[in-house]
There are 2 protein chains.
Amino acid sequence: MAARHEEIAEELRRAIDREDYTVGSLLPAETELAAHYGVSRGTVRQAIAALTTEGLIGSRQGARRVVLAGRRSQSFTELCSFAQWAHAMGREATGHVVSSAYHPATPEDSERLQLPLGTRVLHILRVRGLGGRRVLLERTVYADWIAPAVERIEPECPSVTQRLYEDEGLVFAYGEYLIDAVAAGAQDAELLGVRRTSPLLRVRRVTTTRAGRPVEWSEDRYRSDAVSFSVHNSTGNNALARKTGPAMS
Amino acid sequence: MAARHEEIAEELRRAIDREDYTVGSLLPAETELAAHYGVSRGTVRQAIAALTTEGLIGSRQGARRVVLAGRRSQSFTELCSFAQWAHAMGREATGHVVSSAYHPATPEDSERLQLPLGTRVLHILRVRGLGGRRVLLERTVYADWIAPAVERIEPECPSVTQRLYEDEGLVFAYGEYLIDAVAAGAQDAELLGVRRTSPLLRVRRVTTTRAGRPVEWSEDRYRSDAVSFSVHNSTGNNALARKTGPAMS
DNA sequence: AGGCCCAACTTGTTCAGACAAGTTCATCGG
DNA sequence: CCGATGAACTTGTCTGAACAAGTTGGGCCT
């Protein structure tokens, strides 16, 4: 948080959060903000660009900027780490390893983790709870180079992400998420405590380091009555995309 | 597409798409790109910033940039408009209005569309097909100021978004999407041709103009075997956020 | 009252330069 | 052989300036 433009972005976020600027109202002009914070216009633009990609602010050339939304989105860390997300909400997250085993990488594993076919990768099935309720089933595959560190973590550890950071200095930097819905199978139903065929939100994701090296990929199944996902989008910043399923191709 | 930095961004996207730069490889340095395109470093940075928020490229201070992904994400227009999305894939989209009626705005409508309570808003239920298959159920609520223009559109019009642009010059600029899973109800099952209780992907969304004025909000239910959503995310650009459902609060 | 036009304002684009901070790699010394 | 050092390289941050392009609102004319 050293950079001045990040400080300014954070101040603006907070100002929006406490409704100094209410939704629908206009933000001060760039030149005013620049004068107020004692920086150049370029620095203010950098700060504002961040809020724009977060979907908090709308921009049109010639007109003052508009506050679009009040809630601030979570940090990437909170998205990656179930436990840190829970903590930010003041809730307690639990984790429980159901099974853990090495398998040779399938073509799918190989492509997603960018590893040679047949490399021994670590499959882990975890049940995760939020405030005492089972909420999420994680079927994760870890790349071979991080698997030993994952194995050393105790089965009930609430935050694997945090442990990997503390022990290995590993930080997640990029992720791709594919979201759809599936009916709960027999194992899903038993482990999550829901009826078979009840709808689950399925998130398939790949997470990579800052250098672009894939660390893990996972198929997560959420109880749809407990968790949902939200996305901000705009012209010029479209993180979200619709895709046809396998049945359509 | 007048701006030079957008042209450069587009050229880089295409270069990545045709694998001049393969996934995992390094991009040329800023100074090289600047020299190559005959622009200043700042302009190259703007172009690259776009690719970064799209998740195509990873950045770390001091090290060359890495190509993270090959596929380019869809434009915001394609996300907003079912028909334009289908068209971009070379498929045909259909639309069919099942019901259409005015109702006084509920507190929910009022908040999402930023209209006074009780304003007469237009509720429309549409079934949408892709390549001859029914795939999506749209329950949309239009703000009063755009409702007359929507009513004038014929019931079988495949692209409402495009018609609103042609007739009214209306463009969608910002959207917020809330994604979860639900079981198909009796009406859903009949209109989509699936079994009751089969899982559907539910997307609740609000769309606004460039000026931040809400135009419509909608609850869309997709056949989960036909459509899914994908999101790119990274530190510094987190459009995606996880939320607890109503059952958890 | 209604419509038109222009001036003031605001954001978008681009440049050139300077320094800070992190990475990479080759070289040197143990 | 291995580790440490440092120079070269690369990205991040910030400034100050200038012009382009779009929006807004007030004043003027009909």
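In what follows, chains are A, B, ... by sequence order, proteins preceding strands, each numbered from 1.
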Between P of C:dC9 and CG of A:Leu26, the distance in whole Å: 16 Å
Presence of B:Arg60 side-chain N/O under 4.0 Å of C:dT24 phosphate oxygens OP1/OP2: yes
Touch class at under 4.0 angstrom, heavy-atom based, for A:Arg65 against every strand present: sugar-phosphate
For atom CD1 of A:Ile48 and atom P of C:dT11, their distance in whole Å: 7 Å
Nearest to side-chain heavy atoms of A:His5, which nucleotide of C:dT14, D:dT13, D:dT15: D:dT13
Note: A:Glu11-A:Arg14 ion pair, threshold 4.0 Å (strictly below): no
Salt-bridge present (A:Glu216, A:Arg205; N to O < 4.0 Å): yes
N/O (side chain, B:Arg45) to phosphate O (OP1/OP2, D:dC14) under 4.0 Å: no
Phosphate OP1/OP2 of D:dC9 contacted by B:Thr31 side-chain N/O (<4.0 Å): no
Rounded interatomic separation in angstrom, taking CG from A:Leu51 and C1' from C:dT11: 15 Å
Nearest-angstrom distance from the residue atom CZ of A:Arg210 to P of D:dG12: 12 Å
Centroid-centroid under 6.0 Å between B:Tyr177 and B:Phe229 rings: no
Nearest-nucleotide comparison on DNA chain D, the residue closer to the 5′ end among A:Ala63 and B:Pro28: B:Pro28
Donor-acceptor pair, side chain of B:Arg128 and main chain of B:Pro158, under 3.5 angstrom: yes
Protein-nucleotide distance (B:Leu33, atom CG; C:dC15, atom C1'), rounded to Å: 17 Å
Nearest-neighbour nucleotide for the A:Gln61 side chain, D:dT15, C:dG12, C:dT14 considered: C:dG12
C:dG12 phosphate, OP1 or OP2, under 4.0 Å from A:Ser59 side-chain N/O: yes
Euclidean distance, atom CD of residue A:Glu30 to atom C1' of C:dT11 [Å, nearest integer]: 6 Å
OP1 or OP2 of C:dG22 under 4.0 Å from side-chain N/O of B:Arg64: no
Separation of atom CD in A:Glu32 from atom C1' in C:dT10, rounded to whole Å: 10 Å
Per B:Arg41 side chain, nearest of listed nucleotides C:dA18, C:dT23, D:dT23: C:dA18
A:Leu136 side chain near A:Val227 side chain, heavy-atom distance below 4.5 Å: no
Phosphate-side-chain proximity, B:Thr43 and C:dC15, N/O vs OP1/OP2 below 4.0 Å: yes
Sugar-phosphate only, base, or nothing, as touched by A:Gln46 at under 4.0 Å among non-hydrogen atoms: sugar-phosphate
From D:dT13, C:dT14, D:dT11, nucleotide with atom closest to A:Ala3 side chain: D:dT13
